[in-house]
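Predicted model, so just to flag it, every value in this text is computed and none were measured.
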2 protein chains.
Amino acid sequence: MLRTHNCGELRIQHVDEVVTLCGWVQKTRDKGGMVWVDVRDRYGVTQLIFQEGETAEDLIKNAKLLGREFVIKASGVVVERFAKNDNMATGEIEVKVDNLVILNKANVPPFIIEDDTDGGEDLRMKYRYLDLRRNPVRKNLELRHRLMQLTRSFLDQEAFIEVETPVLIKSTPEGARDFVVPSRMNPGEFYALPQSPQTFKQLLMVSGFDRYFQIVKCFRDEDLRADRQPEFTQIDCEMSFVTAEDIFKTFEGLVRYLFKHVKGLTFGDFPAISYDEAMRNYGSDKPDTRFEMKFIELNKEVQGKGFNVFDQAELVIGINAEGCAEYSRKQLDALTEFVKKPQVGAKGLVYVKCNADGSFKSSVDKFYGQDDLKMWASKCGAKPGDLLLLLSGEAGHTRKAMSELRLHMGDLLGLRDKDTYAPLWVVDFPLLEWDEETQRYHAMHHPFTSPKVEDIPLLDTDPGKVRANAYDMVVNGVELGGGSIRIHDKGMQQLMFKHLGFSEEEAKAQFGFLMEAFEYGAPPHGGIAFGFDRLCALFGGSDSIRDFIAFPKNNAGRDVMIDSPSAIAKEQLDELGIAMKS
Amino acid sequence: MLRTHNCGELRIQHVDEVVTLCGWVQKTRDKGGMVWVDVRDRYGVTQLIFQEGETAEDLIKNAKLLGREFVIKASGVVVERFAKNDNMATGEIEVKVDNLVILNKANVPPFIIEDDTDGGEDLRMKYRYLDLRRNPVRKNLELRHRLMQLTRSFLDQEAFIEVETPVLIKSTPEGARDFVVPSRMNPGEFYALPQSPQTFKQLLMVSGFDRYFQIVKCFRDEDLRADRQPEFTQIDCEMSFVTAEDIFKTFEGLVRYLFKHVKGLTFGDFPAISYDEAMRNYGSDKPDTRFEMKFIELNKEVQGKGFNVFDQAELVIGINAEGCAEYSRKQLDALTEFVKKPQVGAKGLVYVKCNADGSFKSSVDKFYGQDDLKMWASKCGAKPGDLLLLLSGEAGHTRKAMSELRLHMGDLLGLRDKDTYAPLWVVDFPLLEWDEETQRYHAMHHPFTSPKVEDIPLLDTDPGKVRANAYDMVVNGVELGGGSIRIHDKGMQQLMFKHLGFSEEEAKAQFGFLMEAFEYGAPPHGGIAFGFDRLCALFGGSDSIRDFIAFPKNNAGRDVMIDSPSAIAKEQLDELGIAMKS
């Protein structure tokens, strides 16, 4: 090594040792006869000192010429500092330099490489390699590394085998859009990049692998929303001879293990609530249960009093914002503005102030008397000093809007502390969901998810009511992972494809290999996949997965650092037998 | 779990316990009043017993109907076996079944699922999920799993950070052919799949990550040779502030760690030999050093005696095959046939038998007397009883042919024991190699490899003579990994691109981001990448990487199980803005 120590390890006990450090110049302070240089690497920062009378003159001159981010190699003796710095691990010592080599110069960086930078998002993405030098960004990736190692260590202990499934697979029209790869050796044909290793992990169960996992890149060619990436990472797992409860036990175990080792937090059994319950109570299949504020259905209480908006509504729901009775006009107007935003989509907001004196003040006083309001408050468990907020309309839209309002109130009231974690399972998802556009049912999870045995008869009579053996793990309003007990019977799989509108030929062309595999001894099996980028963001206390990806792409799917995608040579296209359409 | 135990864990101490097992029917033996069923899972095999008088009649009837590879769930009490079987871990017990459930039936498999199968390669690839049930195949993948966990564990201990680099990157014409991915969101533009994460890992060094690793899929669109795959896995590593010796020390450490934990073998420091020495002594840059049999150059000794073939040869080399003087005419003819094969490419073979009585017999007795032959034998260190084998011709071709012959003799003489491992480093590779086709120099390793400082002046005068700071780790004639100390200086990198025939514009368009990064404080750095599939094969004692890949592709790049690549829908092509050329 060009160094004897790294920049984070020297302590008082190293005093008098002769050492060599390598790293980047964090800053220099020039007090005339004395120059200090902070040299930084991944492990820390150490102070170098150059002192008139003690250090050779040309060395001091060279030290004065060092710019930010120069890469240097400095040798010298470790000395005790006169003024110690408790804020840095190496703060008791400094190195009196007697040899200094500039390993590489550096231009002035386009933004300041410190915890708080002056660089905007675009600039930092273009110079991502400089952004990655900043402590908070590097720490995010160190956290990601640690979570990967811990995940594998846990699953290895639990007898899971890591198997790499192929990246060049086959395109299927089900699900999101595939990225495809033209095959030069098979002209006119294409590979697809996997949206998940779903069929392969099921085949591994047919192979008797019993427990499989992989931390694996997956790909979706979607129009990117703010926090989606065309390539993302999953912790992908599958087990044989299990029920959903076995999956819960195993993967609660994983998540508990991660929380314990990374955050020192422990959890009991994760609660499970049904999809229906989640929708009724929170208007979301990924409820943030760090706080209560459940929905109360008020149709019976509010309808029939001449207030048209409520009378004509399919659903009227309220939530109780504790201690908010004193909200000002301005605050209440802001809430109304909030619910009217297009992404929330409500037409208006009804409030009821439960005043400290036991009286009520509402935005619908014209239609409802004090007794009415008192009854509502009682139904909602509101006390004097609380504020009821009511939305109404079509059930689905109203629940969605109220979910947004609930989260917003949670934010306003400080109920969503990022160091508090509330994990739970959401279970009994619908098997199918109706798609208005294509006028047919789609698999809510994927076509390999098994229906609940007791609901199978409903497939023919009321398909939308069939519940699936599907589950999500949700933490703080974030879906961390999801999975299901799979179909392992060929007949059931055929029935499923039929209900999804596949012809027999289509089913065979796309998934024939899986259905054939089911004829050679397929065990009952199920699994789960965690969004690993999301998991890292949750542990890192951030909402953005991009902060936890070394080289992310922007919303146009572009890597602005390497400038990709890009045009390719005509010879390449010719070899592949493809042409661009004009 | 549907089971209480797996099929490999029951022992004599479990006798009298009531257990439930799940697994596949390995075989049934029906002795009329007694039926035995072997049930198998990943963990082992357990014998079930159904016995007239003790087992319910319909249960016995059901047991008799079980076919091979049926998936069953069987409950009962563990009993001590009358006739124990020392060959199986569960051989002391059997399970007296009182409940039997068929979880899934199975068709008769297309080949026998046992260690020795009757299935041919094609059939086993089509039904890979059944092939994976066979112990030897599953054990290969279990070995792969273990090697992955150990590799990460070692590198994590050594402070390497695992960073996932992007899969959707940018196409560059240097190196092998890229697989490309059309971008729907950026019409007319393409991503490429990485042939290696080379530039990204170098950028991570510029970022100060100091030590990086990743076990990562890489892609090359090559015409596939027997043992190449379009997607393959690398252990990819990079370190900052290192010399080649630091890389050797660290990664010898990794390989020693793997040998120790997987095979219980220990090694001292790996020897290092130069590329020139390897070519001179073994005719190969990946010599199998499990046995000596070095090349002896004999030009001086053999030329000028009127034997035209030798006189006109650029190079005459011999090897000494110890104890082979008694080879028969037929054996010698077979060797001549061997060297004449097109893939070996020699025109003929000269032999000299060093007879036990001290006399010599050669195929060129017409030109050389006993004294000549004695001198050759002495030069080659041959003793009575040994056989000299000589090849001659153009130096490069002759060395290549002799390398093949040497390995062949090693095989014949049993000198290549697959449980013996001889690791070494081959160093000082040429920086550039001349390409006849394009009439220009190509980077032997890649364009980011640094030249040896003392050879830089030769770049202008004799580029082919410049040595690189490049190294390979070779074990038993297999290149396990290779790497180099990289260029970290923009000027040097520009010079290198110039010598590789890049115009300034081309260099900037393709690698501008890297050269720009070198201007912001790039540290000296170097790294290595191991072929992980190859590493698994070496540890598994196999020549074929395909045996160690769960779902390999065939030589046409095709996955015959899922039938991929395949045609895609016209709508998909339209969305991507591409068309097939007719």
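For A/Lys73, no part lies near chain B; criterion is any non-hydrogen pair under 4.5 Å. Proximity to chain B involves both the backbone and the side chain of A/Asp221, based on heavy atoms less than 4.5 angstrom apart. Contact of A/Arg144 with chain B is made through the side chain alone, with heavy-atom distances under 4.5 Å. Contacts of A/Pro166 with chain B are made by both backbone and side-chain atoms, with heavy-atom separations under 4.5 Å. Heavy atoms closer than 4.5 Å to chain B are found in both the backbone and the side chain of A/Asn107. Using a 4.5 Å cut-off between heavy atoms, A/Glu575 touches chain B through its side chain atoms alone. At a 4.5 Å heavy-atom cutoff, A/Phe70 makes no contact with chain B through either its backbone or its side chain. A/Leu193 touches chain B through its side chain: at least one heavy atom from C-beta onward sits under 4.5 Å away, while N, CA, C and O do not.
Residues B/Arg146 and A/Asp156 form a side-chain contact, since some pair of their non-hydrogen atoms from C-beta on lies under 4.5 Å apart. Considering only heavy atoms from C-beta on, A/Lys553 comes within 4.5 Å of B/Tyr191 through its side chain. Put simply, the side chain of B/Glu189 does not reach to within 4.5 Å of the side chain of A/Met580, judged on heavy atoms.
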ask   = Would A/Arg184 and B/Glu222 count as a salt bridge (Lys or Arg N to Asp or Glu O under 4.0 Å) if you check the C-alpha gap in whole Å, the side-chain angles of each, and the deciding distance to 0.1 Å?
value = CA-CA 9 Å; A/Arg184 184 181 52 87; B/Glu222 294 178 307; over 6 Å; no

request  = Given salt bridge (Lys or Arg N to Asp or Glu O under 4.0 Å), test B/Asp210 with A/Arg3 step by step and report yes or no.
outcome  = CA-CA 12 Å; B/Asp210 204 66; A/Arg3 66 192 176 210; 2.8 Å; yes

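For chain A, the option among B/Asn6, B/Val71, B/Asn104 with the highest count of heavy-atom pairs below 4.5 Å is B/Asn104. Interface remark: of the candidates B/Glu245, B/Glu519, B/Arg177, B/Lys490, B/Arg177 forms the most heavy-atom pairs closer than 4.5 Å to chain A. Heavy-atom pairs under 4.5 Å with chain A peak, among B/Ala192, B/Ser240, B/Gly208, at B/Gly208.
Remark: aromatic rings of B/Tyr127 and A/Tyr520 are close, center separation under 6.0 Å.
With sequence neighbours left out, the side chain to side chain contact (heavy atoms under 4.5 Å, CB included) criterion links A/Ala159 to A/Arg211, B/Arg42, B/Tyr43.
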Atom pairs and distances, donor-acceptor, side-chain atoms in residues 560-569 of chain B, under 3.5 Å, two or more places apart:
| residue | atom | partner | partner atom | Å |
| --- | --- | --- | --- | --- |
| B/Asp563 | OD1 | B/Arg558 | NH1 | 3.0 |
| B/Ser564 | OG | A/Ile169 | O | 2.9 |

